[in-house]
Novice: 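Here you go, one structure.
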Amino acid sequence: MNSQHEMNTVLVTAYAKAPTGSAMYEIYKHAGIVLEVDPTNHSIVDAEFTFITDLAKDFIKRLVIGYNLSNGVDELVKRIEEHYFAPSVNSVIVALKAAHKRYFEKINQLENKK
């Protein structure tokens, strides 16, 4: 018996080139972001990033979880800039902006199909 449980969230991903010479570049070549979002209220419920250390992964995750994407991305970008001092900050921001754009493009497509 194949039973799927109901999914109430969506997953959105995006990538940006990692800064040359950084550990992230040497291992991954790109900064990747994966956001699990609740489309009923557009809040980020979980997140994952292609960082090297667990501390960096956990830190940036705590910065973004709970953020409501319908508020736009500028407030979240500002929060990242104020708290994350690393060579990859610009790559993270580019990936985040791309994920935000992709999320709303897909949500709008789904809404238009209804």
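The figures here come from the full heavy-atom set of this structure, side chains too, leaving out hydrogens, waters and symmetry mates. The structure displayed is predicted, hence computed values, not measured ones.
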Novice: Does Ile33 reach the side chain of Ile60, with side-chain heavy atoms less than 4.5 Å apart?
Specialist: no
Novice: How about Leu69 and Val37: do any of their side-chain heavy atoms sit closer than 4.5 Å?
Specialist: yes
Novice: Rounded at 0.5 Å granularity, tell me how far CG in Asn71 sits from CG in Leu76.
Specialist: 10.0 Å
Novice: Could you grab the distance from atom CZ of Phe51 to atom CG of Asp58, nearest 0.5 Å is fine?
Specialist: 11.5 Å
Novice: For residues His30 and Met24, report the shortest heavy-atom separation together with the two atoms involved.
Specialist: O-CG, 3.8 Å
Novice: Would Leu11 and Val34 count as a side-chain contact (heavy atoms from CB on, under 4.5 Å) if you check the C-alpha gap in whole Å, the side-chain angles of each, and the deciding distance to 0.1 Å?
Specialist: CA-CA 7 Å; Leu11 205 64; Val34 181; 3.7 Å; yes
Novice: State yes or no: do Leu63 and Val45 share one hydrophobic cluster built from I, L, V, M, F, W and Y residues joined by side-chain heavy-atom distances below 4.5 Å, directly or via other members?
Specialist: no
Novice: Whether the side chain of Asn68 engages the backbone of Asn41 through a donor-acceptor N/O pair (distance < 3.5 Å, no angle test) should be reported.
Specialist: yes
Novice: Tell me whether the count of non-hydrogen atoms from other residues, nucleotides or ligands lying under 6.0 Å of CD in Glu48 goes above 12.
Specialist: no
Novice: Evaluate the side-chain proximity of Lys57 to Lys61: yes if any heavy-atom separation is below 4.5 Å, no if none is.
Specialist: no
Novice: With rounding to the nearest 0.5 angstrom, report the OH to OG distance, Tyr67 to Ser70.
Specialist: 8.0 Å
Novice: Just wondering, do Asn8 and Thr40 contact through their side chains at under 4.5 Å, heavy atoms?
Specialist: no
Novice: Counting only N and O atoms by type, is there a donor-acceptor contact under 3.5 Å from the side chain of Ser91 to the main-chain atoms of Lys17?
Specialist: yes
Novice: Where do Lys78 and Glu82 land on the side-chain contact (heavy atoms from CB on, under 4.5 Å) test, with the steps shown first?
Specialist: CA-CA 6 Å; Lys78 182 180 177 190; Glu82 289 174 349; 3.0 Å; yes
Novice: Within a reach of under 6.0 Å around NZ of Lys29, are more than 12 heavy atoms found that belong to other residues, nucleotides or ligands?
Specialist: yes
Novice: What pair of heavy atoms forms the shortest contact from Ala95 to Ala16, and how long is it?
Specialist: N-CB, 3.8 Å
Novice: Are Phe49 and Val64 close enough, and set up right, to give a side-chain contact (heavy atoms from CB on, under 4.5 Å), and what steps lead you there?
Specialist: CA-CA 11 Å; Phe49 297 82; Val64 302; 4.1 Å; yes
Novice: Nearest 0.5 Å please: distance from the CG atom of Asp38 over to the OG1 atom of Thr9.
Specialist: 7.5 Å
Novice: Taking the side chain as every heavy atom from C-beta outward, state whether Tyr15 and Val94 have any atom pair closer than 4.5 Å.
Specialist: no
Novice: For Gly66 versus Ser43, what's the shortest heavy-atom pair and its separation?
Specialist: O-CB, 4.3 Å
Novice: Do Leu96 and Val73 come within less than 4.5 Å of each other through their side chains, counting heavy atoms only?
Specialist: yes
Novice: How long is the straight-line distance from CD of Glu36 back to OG1 of Thr13, given to the nearest 0.5 Å?
Specialist: 13.0 Å
Novice: Is the shortest heavy-atom distance from the side chain of Val77 to the side chain of Lys97 under 4.5 Å?
Specialist: yes
Novice: Determine the minimum heavy-atom distance between Ala14 and Arg102, stating which atoms define it.
Specialist: CA-NH1, 3.7 Å
Novice: Could you grab the distance from atom CD1 of Ile80 to atom CD1 of Ile93, nearest 0.5 Å is fine?
Specialist: 6.0 Å
Novice: Can you tell me how the ring of Tyr103 sits relative to the ring of His42, calling it parallel under 30°, perpendicular over 60° and tilted otherwise?
Specialist: perpendicular
Novice: Kindly indicate whether the side chain of Pro87, heavy atoms from C-beta on, has any atom under 4.5 Å from the side chain of Pro19.
Specialist: yes
Novice: Looking only at heavy atoms, what is the nearest atom pair of Gly32 and Thr50, with distance?
Specialist: N-OG1, 2.7 Å
